[in-house]
Peer 1: 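Pasting in a structure now, in structure tokens, and then I'll have a few things to ask.
Since this is a predicted model, take the numbers as computed values, not measurements.
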Amino acid sequence: MDQIVSQEAGAAEGEKGEEHCQGSLPAQKSGRGLRSFLAAGLTLVLWASAFPGIRVGLHAYSPGHLALLRYMVAALTLTGYALAARLRLPRRRDWPGIAVLGLVGIAFYNVALNTGEVSVPAAVASFLINIGPLLVALEAQIWLGERISRWGWLGMLICFGGVAVIAFSGVSGFALDPRILIVLSAALAQSLYFVGQKPLLTRYRAIEFTTYAVWVGACLLLVFLPGLPEEVQAAPIGATLAVIYLGIFPGAIGFVSWAYALSHIPASRAASFLYLVSLLALGIAWVWLGEVPPILALLGGLLVLAGVMVVNSRGRSR
């Protein structure tokens, strides 16, 4: 609203002002909706770029050092935001839950994903991580009593069939690559993180919880501090800049933009956008790294994507 109509303006002017206010509401909602979709799109691009970015960082850094340096940068970035926004500290009773989720969803997830991407191509890793929503559905049935329909079980079979195709696709020769299993453990960790944060998000905004979890994860990753200064000195500038990029953009800004999108877009619609991450990662890895995974691995990735979509669209019993 540009101005408040004064009492002296009369009834006619008041009605005109009221009509103006009502007419501006759709425009305001439209503007917020556009910004929300732009924020979601920015998040998808940033998160997709993380997979090839990790591959670049691994040229000079070990998986543990890469995770630590990335989340030191992310923690410092979010600390700047926390100071500017005067972010409140969490309640004492919530610290144990935040600590566990920081361990699982930040520290373990990133070390496992980095370790897997030592040999697993970026696009293939992104397809494997995309089974996270499927694992969330399974965990919801176990812990929350949500039932899965026949369609849901069919989707899971398709998804796990895709994982099997990837596992024997020739990524590391025609044999099971154990690092594929490590990437799958990262997907499991991510799903536990998503399910576990649900009760905390009833008491904290998404940006608040994310900041706490990143702080905890960065502190836990300090176990990899020995040897990091020497690795930074020996690393090419390109690899170090890639890690800094991972910390600031996918690690900090990506979470902030996703939190903004979730605050204005229904969660189910927002989650459906995440299926695009794998396809974006494939394109970014091709342009950035010239990396094209085996055709059979891509086929397996598409099966994973199809299975997850079936589970999330038709998998719950009514």
Peer 1: Do the non-hydrogen side-chain atoms of Y81 and T77 ever get within less than 4.5 Å of each other?
Peer 2: no

Peer 1: Determine whether more than 12 heavy atoms belonging to other residues, nucleotides or ligands lie under 6.0 Å from atom CZ of R88.
Peer 2: yes

Peer 1: When you measure from the side chain of H65 to the backbone of F224, do you find a donor-acceptor pair of N or O atoms at a distance under 3.5 Å?
Peer 2: yes

Peer 1: To the nearest 0.5 Å, what is the distance between SG (C219) and CD1 (I106)?
Peer 2: 12.0 Å

Peer 1: With heavy-atom distances below 4.5 Å as the criterion, would you say the side chains of R179 and V183 are in contact?
Peer 2: no

Peer 1: In terms of hydrophobic clustering (I, L, V, M, F, W, Y; side-chain heavy atoms under 4.5 Å; direct or indirect links), are V214 and L76 co-clustered?
Peer 2: no

Peer 1: Ignoring hydrogens, what is the shortest heavy-atom contact between T115 and P63? Give both atom names and the distance.
Peer 2: OG1-CB, 3.4 Å

Peer 1: I want to check something: taking the side chain as every heavy atom from C-beta on, are E231 and S62 in contact at a cut-off of under 4.5 Å?
Peer 2: yes

Peer 1: Starting from M72, can I reach Y109 by hopping between I/L/V/M/F/W/Y residues whose side chains sit under 4.5 Å apart?
Peer 2: yes

Peer 1: Between L113 and A125, what is the shortest heavy-atom contact and its length?
Peer 2: CD1-CB, 4.3 Å

Peer 1: Within the structure provided, determine whether L299 and I295 are in side-chain contact (heavy-atom separation under 4.5 Å).
Peer 2: no

Peer 1: Aromatic ring centroids of Y193 and F209 under 6.0 Å?
Peer 2: yes

Peer 1: Do the side chains of V243 and L58 join up, straight or via other hydrophobic residues, at under 4.5 Å, putting them in one cluster?
Peer 2: yes

Peer 1: Is it the case that the side chain of W286 and the backbone of E291 share a donor-acceptor pair, with hydrogens and angles ignored and the cut-off at 3.5 Å?
Peer 2: no

Peer 1: Out of curiosity, does L221 fall in the hydrophobic cluster containing V118 (side-chain heavy atoms, cut-off under 4.5 Å, transitive links)?
Peer 2: yes

Peer 1: Hey, is the main chain of I207 close enough, under 3.5 Å, to the side chain of T210 for a donor-acceptor pair?
Peer 2: no

Peer 1: With a 4.5 Å limit on heavy-atom distance, are the side chains of V216 and L103 in contact?
Peer 2: no

Peer 1: Would you say the side-chain atoms of Q233 pair up with the backbone N or O of E230, donor to acceptor, closer than 3.5 Å?
Peer 2: no

Peer 1: L280 and A48: which non-hydrogen atoms are nearest, and at how many Å?
Peer 2: CB-CB, 3.5 Å

Peer 1: Just by distance, do the side chain of R70 and the backbone of I244 share a donor-acceptor pair under 3.5 Å?
Peer 2: no

Peer 1: Examine the side chains of T240 and Y61 and answer whether a donor and an acceptor come within less than 3.5 Å of each other.
Peer 2: yes

Peer 1: Which ILVMFWY residues can you reach from V56 by hopping between side chains whose heavy atoms are under 4.5 Å apart?
Peer 2: I284, W288, L289

Peer 1: Just by distance, do the side chain of N114 and the backbone of N110 share a donor-acceptor pair under 3.5 Å?
Peer 2: yes

Peer 1: Do L101 and I98 have side-chain heavy atoms sitting under 4.5 Å apart?
Peer 2: no

Peer 1: Is V111 reachable from V223 through a run of hydrophobic residues whose side-chain heavy atoms are each under 4.5 Å from the next?
Peer 2: yes

Peer 1: Check the angle between the aromatic planes of Y204 and Y212 and answer parallel, tilted or perpendicular using the 30° and 60° thresholds.
Peer 2: perpendicular

